[in-house]
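Comments concern the structure below.
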Amino acid sequence: EVKIALDSPPDLEKSGTYVWAHTFGKHLNANGIEAAEYERNSLGEEAERLDQVSQGLLEVSMSDAKSAGTLDSTIFGSMMPYFFDDMDQLDTALDEGGMLAKINEGTTPKGVRVLDLVMTGTPTGIFTTEVPIRKFEDMQGVRMRALDEVQINTFEQWGSKGTIVSWSEVPNALQTGVAGGYVNPAFVPLTYGHTAFIKYFTNAEMSPSVRVAIASEDWYQSLTDEERATVQDAVDAAHKANRELVSDDAEVLKQLEEAGIEVIELTSEERGKFRAASQPLYESTKMPEGGLEAWNTAVGR
Amino acid sequence: MRAISNTLNRLSWGLNRVAVIGAALAVAVMLAAAGWQVIARYLLHQPPVWTEELARFSMVWGGLLGASCAYRYRLDPTLFPNALKAHGAKGLAFTLARTFGVMCFILPILWFSFFGPNTNPARGYIARLAGRQTETMDLPMVVFGIAIPIAFTIILIHVLADLVNAIADLRTAK
Amino acid sequence: MIWIVPLIAAALLASGLALAYVIGGAAALTFILSDNSRYLAVLPQKVFSQISIFSLLAMPLFILAGELMNRGGVTKSLIDLSMALIGRLRGGLGHVNIMTSVFFAGISGSAVADAAALSNTLVPAMRERGYSAEYAGAITAASSIIGPIVPPSIILIFYGALMQTSVAALFVAGILPGLLLAAVLFAVNAWFAWREDHPRVEKGDAPALLPAIFKALPALCLPIIIVGGIVLGWMTPTEAAAVAVFAAVIAAFFYTPLSLTDLWESFTRTAILTGSIFMILCAVAAFGHLAALERIPQAIAGLVEQMGLGPVGFLLVMNLIFIIAGMIMDVPVALALLVPLLAPVALANGADPVHLGIVICFNLCIGLVSPPLGGCLLIVSTVTGVDYWKLARAVIPFIVAEVIALGILVFTPEISLWLPRTLGLWK
Ligand code: NA
Ligand code: NA
């Protein structure tokens, strides 16, 4: 039996990773490979699942790209803000540009195969509680909740400030003003119940909201050629379903407005300012030697 | 037997002394990191990125070493503490049972710390950690992960010391 | 072969082996006998992940704060204040025990810390004045669970993290239910005092009221700093726990300034207590992994859903599950295993997440003082030397009263929701 560890509630309408996992499992089951979904975190949190996959104790896991990045950091390039024109360009870089194969060169010796990069939702934008971000300069007045050092750097490049708050304390931090906003895909406050205190969403389309589907290399190598073809078909089907779900943001933006969150679209001039301010981040993104170059080549720059 | 028992006892209590100091220091580091985060957030308006991780990982060291001390001092919650005072044959029987129970739990943890699938040491827990960095501090994960085999090895020595003691006691009694 | 595991576990328990190792050993044996032995390889990483959780950080810090308050005389000043306020009533020291727990609850996040502190100080005092050791231990254990219901609270921190619910709102919501619990316990103690003719504190023994209030002021500032700091957004709950430690050191200057030895001993005690708890956590996590592999929690949740109980019936069954869980599981484990499974069903049935959090906290707390594995009972028994099973018998009337208080809380959500709504922390 193929265990598929989920990373989100089983919501086919909002969760991109669940759509991927569910389609993948359905395809396997329909084609003679038994697969089952395991509820979010029931087999362990991020680091545990990665560890179990690397030992062949868990076959497939929906995981955060950061934990896969601890095995090979090439993947961090996929999350650079404003590096890709759109999602298609990222997919081209992964596929024809050979970046997925390059990522796997680094991770498979450590027992982990990256099957696909999966989008949790539409590209990430800026949520704020008090200050609406209509212009690039508006960022200056907001202390943003940062996930890690990379985000702190990003906010500093934008002339704002970051403050590290772990996810479990985010609701409290936003309500009390420890932080004034965060960066996430549009569906996040809806799914996590933050709509009571988030007031604005700026559709900044800063970077794809990347997670990964990883598989155990031990398991993958134990498959017959025929089974591997089935798995690849399942990946393709899951990939397609995932991109379909996240390519259209009209529905989720409508739900945000219904929940009382004002949706702000940036003018191309303002978006250009964000893009320009983000350029220095690419050089400082932690990647193996030649990583940035490889991504540049893969997108044809 | 008595000589082995004495040596093991000295080793067990000696290690415990080191563990107590290590555990208290880890708690102090944890407190300092958490405290510094508050000060930095409000006075410097920027909490450093590493405080949370350092605090969590010192908690791991402090807790695991503390667990070994709790075992040595017999401070862990126990439903029938009187059984610990039994002597002679009964004492030995109880000690054997306790040894079996603890071993069931800690031997797999120790084994899989050092060996991976197919008894491959290169894929054991510690070897897997060797390639990983912590997220925010410029330190390898091994610095923290190694606390697990160390603490459980100390407990193993405490267990063996208790067992040999019980055997030696029985012999002396005869 | 799997049937042999409970027998072995019982034998291990009888041999005096600590619970953590009984559970861990039984878990490992179950892995092997259920043909899952290769999954034992998850254990080292599981241990690390279990005890490096961010939300856990507040626990050792609040334990440390409690240790320092005991050594620095903060706890004693609270006992004195309670004595001056109500010691002269019949059954005075029993009331003092409960009221001290209320004060202590405002500075401590865990029932275990309260149980340990008052077992050390108030139980000997009660025995000297003619209370039976069992009664003194039972009232200490029963009232210690006010600690995690009144803020700060480690249980509510955990729940907030699991359910993505505002910890600030949960904290404020716990205040009135905590006082309700205290009121019910006062009533039980008064009844015993009348029936068994318990003594009052003699006039000469009780401290004068005004100086006692004055002396307790620094100690009473602590809850305001801790809870106020979180509610006003000055700090996160974990940071508040660190502040509580420093506040305890400062408050001690008003009583018994702490020496370096005090500090060092507190660090050691904190590490050892934390280590004991961690070991249980790791052992239960091993079982939890097995249960997850075999999908046992889903089966249970499915079963409950299938029964089609309706909102009230479901809430009652859920209460029962959590009380039983609290009796046989460590609190964080019960939360981590059951909340993600049962809470969504309760919310779908119209429960309020904050009220639900307080109810679950209440449930688990009752489990903490119920045999067979009541954590607070174990602590009181360890510290005072009262036989565990005698203590368990003596605590039963208090448990009955606490279950009644729980019933009132379950059917009157306003007791928990009114205050956070009034303060604008909850919609
Ligand atoms: Na409390
Ligand atoms: Na009490």
Side-chain angles (χ1 to χ4, degrees), chain B residues 20 23-28 30-31 34-35 37-38 41-42 52 55-57 59-60 62-71 73-84 86 93-95 97-98 100-109 111-113 116-117 125-126 144-145 148-149, chain C residues 8 11-22 24-29 31 38 40-45 47-48 51-54 56-57 60-61 64 234-235 238-239 241-243 245-246 264 267-268 270-280 283 286 372-373 375 378-379 382 388:
Chain B
V20 168
L25 285 177
V27 171
M30 176 186 81
L31 174 64
Q37 183 170 323
V38 187
R41 199 193 289 280
Y42 287 95
E52 179 198 312
R56 281 193 297 130
F57 290 174
M59 171 168 76
V60 170
L64 284 172
L65 288 177
S68 82
C69 303
Y71 190 89
Y73 294 130
R74 295 184 161 171
L75 287 173
D76 289 309
T78 308
L79 279 195
F80 300 100
N82 283 335
L84 292 168
F94 281 166
T95 310
R98 289 197 296 270
F100 172 74
V102 179
M103 294 285 193
C104 280
F105 184 42
I106 66 175
L107 286 184
I109 294 178
W111 175 268
F112 287 111
S113 290
Y125 175 62
I126 294 304
F144 301 98
I148 291 170
Chain C
I8 295 180
L12 293 179
L13 266 184
S15 75
L17 184 60
L19 278 173
Y21 300 94
V22 174
L29 282 174
F31 271 88
R38 72 189 194 106
L40 282 169
V42 306
L43 287 185
Q45 174 67 40
V47 166
F48 193 87
I51 62 179
S52 59
I53 298 175
F54 175 77
L56 270 183
L57 206 49
L61 290 170
L64 179 56
W234 294 341
M235 47 206 167
T238 313
E239 289 168 354
V243 170
V245 173
F246 293 109
W264 186 254
F267 287 161
T268 315
T270 302
I272 291 176
L273 258 178
T274 306
S276 265
I277 297 171
F278 277 4
M279 211 39 112
I280 297 180
L373 294 193
L378 280 166
I379 292 283
T382 311
Y388 177 80

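In what follows, chains are A, B, ... by sequence order, proteins preceding strands, each numbered from 1.
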Does the ring-ring contact (aromatic ring centres under 6.0 Å, His included) test come out yes or no for B:Phe100 and C:Tyr21, once each step is laid out?
CA-CA 10 Å; B:Phe100 172 74; C:Tyr21 300 94; over 10 Å; no
Between CZ of B:Arg56 and CZ of C:Phe48, what distance do you get to the nearest 0.5 Å?
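Atom-to-atom, B:Arg56:CZ and C:Phe48:CZ are 7.5 Å apart.
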Out of curiosity, B:Asp76 CG to C:Ile280 CD1, how far, rounded to the nearest 0.5 Å?
7.5 Å
Max heavy-atom pair count under 4.5 Å with chain C, selected residue of [options]:
options	answer
B:Trp111, B:Phe105, B:Phe144	B:Phe105
B:Gly101, B:Ala23, B:Ser68	B:Gly101
B:Cys69, B:Ala26, B:Ala86, B:Pro108	B:Pro108

For [X], is it the side chain, the backbone, both, or neither that has a heavy atom closer than 4.5 Å to a heavy atom of chain B?
X	answer
C:Val22	neither
C:Leu273	neither
C:Ala283	both
C:Ile51	both
C:Ala27	neither
C:Leu40	both

Any side-chain heavy-atom pair from C:Phe246 and B:Leu31 closer than 4.5 angstrom?
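Side chain of C:Phe246 against side chain of B:Leu31, heavy atoms only: contact under 4.5 Å found.
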Report yes if some heavy atom in the side chain of C:Trp264 is under 4.5 Å from a heavy atom in the side chain of B:Leu25; otherwise report no.
yes
May I ask you to name which of [options] has the most heavy-atom pairs under 4.5 Å with chain B?
options	value
C:Leu57, C:Leu19, C:Leu12, C:Thr268	C:Leu57
C:Thr274, C:Val47, C:Val42	C:Val47
C:Leu64, C:Leu29, C:Ile379, C:Thr270	C:Leu29
C:Gly25, C:Pro44, C:Ala28, C:Ala242	C:Pro44

Search all heavy atoms of C:Ile272 against all heavy atoms of B:Ala70 and return the closest pair with its distance.
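Nearest pair, atom of C:Ile272 first, then B:Ala70: CG2-CB, 3.7 Å.
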Shortest non-hydrogen contact between B:Met30 and C:Leu61, atoms and distance:
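Here B:Met30 and C:Leu61 meet closest at CE-CD2, 3.9 Å.
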Side chain / backbone / both / neither for B:Ile148 at chain C, heavy atoms under 4.5 Å:
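Interface part for B:Ile148: side chain.
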